[in-house]
Peer 1: 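Before anything else, here's the structure in question.
Both ligands and their constituent atoms are indexed starting at 1 by order of listing. Computation of the quantities below employed the complete heavy-atom set of this structure, encompassing side-chain atoms and omitting hydrogens, waters and symmetry-equivalent molecules.
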Amino acid sequence: MNLTPVRMPVRASDRLVDKYDREFPYLRLSITDICNFRCEYCLPDGYHCRTRPEFLSREEIRRLVTVFADLGVWKVRLTGGEPSIRRDFSEIIEMVSHLPGIKTTAFTTNGYRLLANAEKWHDAGIRNLNVSVDSLDPDLFHKITGHDRLKDVLAGIEKSLDVGYDQVKINVVLLKDINDNALTDYMEYIRQRPVTVRFIELMQTGDNLAYFKRRHRSAQVIRTELVRQGWTENIRVNGAGPAVNFTHPDYQGAIGLIAPYSKDFCLACNRLRVTATGDLRLCLFGDIGIPLRDLLQSDDQMPALKKRIIKQLDHKKSSHFLADGETGLIPNLSSTGG
Ligand code: SAM
Ligand code: SF4
């Protein structure tokens with residue numbers, strides 16, 4: 001895909017707009033690399049760490065998000081690893097969601113702690129919730145994630161619907177010959193539930209090439225089936241991000257497709273990422289990590305941090321080069337924040 005630069009980025013104290021005229025109101029912030037699951041496409045051997053990493057402290061997160069909010073970011077997604085593993089997770093939510101300019105605090109979870117905490121996290125300020133559920137079959141779920149926890153995770157989703165989150169989504173990584181025939185199960189699940197199920201194409205990362213080759217399946221198979229069954233593709237709202245959504249009058253929920261290998265996926269990119277140790281990643285699959293942590297140590301560094309972020313945005317490329325097998329810096333999504 002080729003994006004033509006339309007103008008130079010807008011300068012300091014303005015919005016985050018890159019040279020391809022894309023705006024970035026959305027920050028995905030990893031708060032830990034650690035995860036208790038062993039999803040076979042992500043951390044098949046579980047989490048291992050050679051040196052003990054120091055993840056961003058609450059004060060560092062406060063400064064970081066304050067500066068991003070000043071640059072026009074209004075949505076923050078907390079991710080990981082498994083973000084709910086952090087002991088101060090509720091305090092982080094509370095702090096981030098009360099920072100001036102932040103309208104939506106979201107998070108992505110494997111659902112392990114959802115049942116016990118859905119209410120607490122909602123009260124702390126989470127409004128949008130994405131829960132990963134790669135199969136609705138308990139044995140298959142166990143096989144994929146290494147945990148026999150489907151029942152609890154689904155109970156956590158029910159609880160979240162009762163508690164009243166604005167949006168509850170389920171993430172399903174589409175896996176050839178594992179869950180690529182499960183569309184009907186998910187459709188049944190959302191017939192009476194206001195939940196969006198999003199099929200995400202498996203992405204190649206530094207660690208998973210053999211698995212990727214074996215299991216990657218294009219989301220086109222789901223699209224074809226949805227259209228055949230009378231689902232309608234929703235008109236894309238400006239700034240809505242790269243997911244394509246389908247609805248059907250007989251179903252309360254919706255189905256989304258995230259197809260990073262599709263043409264023009266990056267045209268709708270609206271997000272920047274920061275790793276759990278404070279590196280800015282302009283693209284999930286980018287080959288540069290820009291350290292920000294040295295400028296997160298005191299409030300009076302915030303103007304310098306702002307300048308650095310704006311300057312670095314000049315380097316954001318038009319697209320990832322996944323189709324050429326270029327996965328950038330990431331060994332797996334747990335290490336960057338998926
Ligand atoms: N642990 C949380 C979870 O699993 O929801 C949050 C972090 S996880 C890295 C975020 C999302 O990335 C999950 O929905 C996961 O299924 C997805 N993911 C991980 N590795 C992936 C890959 N190689 N390709 C596509 N999606 C992936
Ligand atoms: Fe953990 Fe999420 Fe990776 Fe699964 S996808 S291993 S839950 S970080």
Peer 1: Among protein heavy atoms, which lies nearest atom 1 (Fe) of ligand 2, and at what distance?
Peer 2: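 The protein heavy atom lying closest is Cys35 SG, 2.2 Å.
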Peer 1: Looking only at distances, can you tell me whether any N or O atom of Asn171, backbone or side chain, sits closer than 3.5 Å to an N or O atom of ligand 1?
Peer 2: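 By distance alone, the answer is yes.
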Peer 1: Any ion pair linking Asp152 and Lys159 (charged N to carboxylate O, less than 4.0 Å)?
Peer 2: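 No, no charged N to carboxylate O under 4.0 Å.
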Peer 1: Ring pair (Phe, Tyr, Trp, His ring centres under 6.0 Å) between Trp121 and Phe107: does it pass, once the steps are laid out?
Peer 2: CA-CA 10 Å; Trp121 294 334; Phe107 100 108; 5.1 Å; yes
Peer 1: Mind checking whether Asn208 contacts ligand 1 via backbone (N, CA, C, O), side chain (CB onward), both or neither, at a 4.0 Å heavy-atom cut-off?
Peer 2: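 Near ligand 1, Asn208 shows its side chain, while the N, CA, C and O stay back.
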Peer 1: We want to know whether Glu54 and Thr277 form a side-chain donor-acceptor pair, criterion being a heavy-atom distance below 3.5 angstrom.
Peer 2: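 The criterion, which ignores hydrogens and geometry beyond distance, is not satisfied for Thr277 and Glu54.
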Peer 1: Is the contact between Thr79 and ligand 1 made by the side chain, the backbone, both, or neither, using heavy atoms and a 4.0 Å cut-off?
Peer 2: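 Within the 4.0 Å criterion, Thr79 contacts ligand 1 through side-chain atoms alone.
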Peer 1: Going by the side-chain contact (heavy atoms from CB on, under 4.5 Å) test, name the single residue among Leu27, Leu272, Leu16 that passes it with Leu71.
Peer 2: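 It is Leu16; the other options fail the test.
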Peer 1: Just go through Gly80, Ser30, Cys39, Gly111 and tell me whose heavy atom is the nearest to atom 6 (S) of ligand 2.
Peer 2: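 Looking at heavy atoms only, the winner is Cys39.
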Peer 1: Between Val173 and ligand 1, find which residue part has any heavy-atom pair under 4.0 Å and reply side chain, backbone, both or neither.
Peer 2: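 It is the side chain that touches ligand 1; the backbone stays farther off.
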Peer 1: When the ring planes of His248 and Tyr251 are compared, do they come out parallel, tilted or perpendicular, using 30° and 60° as the limits?
Peer 2: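 Perpendicular, since the angle between the ring planes exceeds 60°.
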Peer 1: Could you tell me which atoms of ligand 1, counted from 1 in the order shown, lie closer than 4.0 angstrom to a heavy atom of Asn110?
Peer 2: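 It comes down to these atoms of ligand 1: 2 (C), 3 (C), 5 (O).
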Peer 1: In terms of side-chain heavy atoms, does Tyr112 have a donor or acceptor partner in Glu82 at a distance below 3.5 Å?
Peer 2: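 No, Glu82 and Tyr112 have no side-chain donor paired with an acceptor closer than 3.5 Å.
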Peer 1: Using distance alone, determine whether Asp134 and ligand 1 share an N or O pair under 3.5 Å.
Peer 2: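 No - when backbone and side-chain N and O of Asp134 are compared with those of ligand 1, no distance drops under 3.5 Å.
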Peer 1: Tell me, which protein residue and heavy-atom name are nearest atom 3 (Fe) of ligand 2, and how many Å apart are they?
Peer 2: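 Result for atom 3 (Fe) of ligand 2: Cys42 SG, 2.4 Å.
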Peer 1: Determine the interplanar angle of the Phe37 and Phe141 rings, folded into 0 to 90°, and report it as parallel if under 30°, tilted if 30 to 60°, perpendicular if over 60°.
Peer 2: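 Aromatic pair Phe37/Phe141 classed perpendicular.
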Peer 1: Looking only at side-chain N and O atoms, does Thr205 offer a donor or acceptor that is under 3.5 Å from a partner on Asp207?
Peer 2: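 No, no side-chain donor-acceptor contact under 3.5 Å.
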Peer 1: Considering distance alone, does some N or O of Thr205 sit under 3.5 Å from an N or O of ligand 1?
Peer 2: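 There is no such contact.
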Peer 1: Does the residue Glu201 have a heavy-atom contact with ligand 1, meaning some pair of atoms that are separated by less than 4.0 Å?
Peer 2: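 Judged by the 4.0 Å heavy-atom criterion, Glu201 does count as contacting ligand 1.
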Peer 1: Give the atom numbers and elements of ligand 1 that come within less than 4.0 Å of a heavy atom of Gly80.
Peer 2: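 In order of numbering, the contacting atoms are 7 (C), 9 (C).
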Peer 1: Enumerate the atoms of ligand 2 whose separation from the nearest heavy atom of Asn110 is less than 4.0 angstrom.
Peer 2: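 Listed by number with element, the hits are 7 (S).
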Peer 1: Which residue from Pro83, Gly81, Ser132, Gly111 reaches closest to atom 1 (N) of ligand 1 through any of its heavy atoms?
Peer 2: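 Ranked by closest heavy atom to atom 1 (N) of ligand 1, first place is Gly81.
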Peer 1: Flag the pair Arg22 and Asp18 as a salt bridge only when some basic side-chain nitrogen lies within less than 4.0 angstrom of an acidic carboxylate oxygen.
Peer 2: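 Salt bridge flag = yes for Asp18 with Arg22.
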Peer 1: Output the list of atoms in ligand 1 that are nearer than 4.0 Å to some heavy atom of Thr109, sorted by atom number.
Peer 2: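 So the answer, numbered in order with elements, is 2 (C), 3 (C), 5 (O).
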Peer 1: Looking only at the side chains, is there a donor atom on one of Tyr47 and Asn36 sitting less than 3.5 Å from an acceptor on the other?
Peer 2: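 No, no side-chain donor-acceptor contact under 3.5 Å.
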Peer 1: Among Met203, Arg198, His216, which one puts a heavy atom closest to atom 23 (N) of ligand 1?
Peer 2: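 The nearest heavy atom belongs to Met203.
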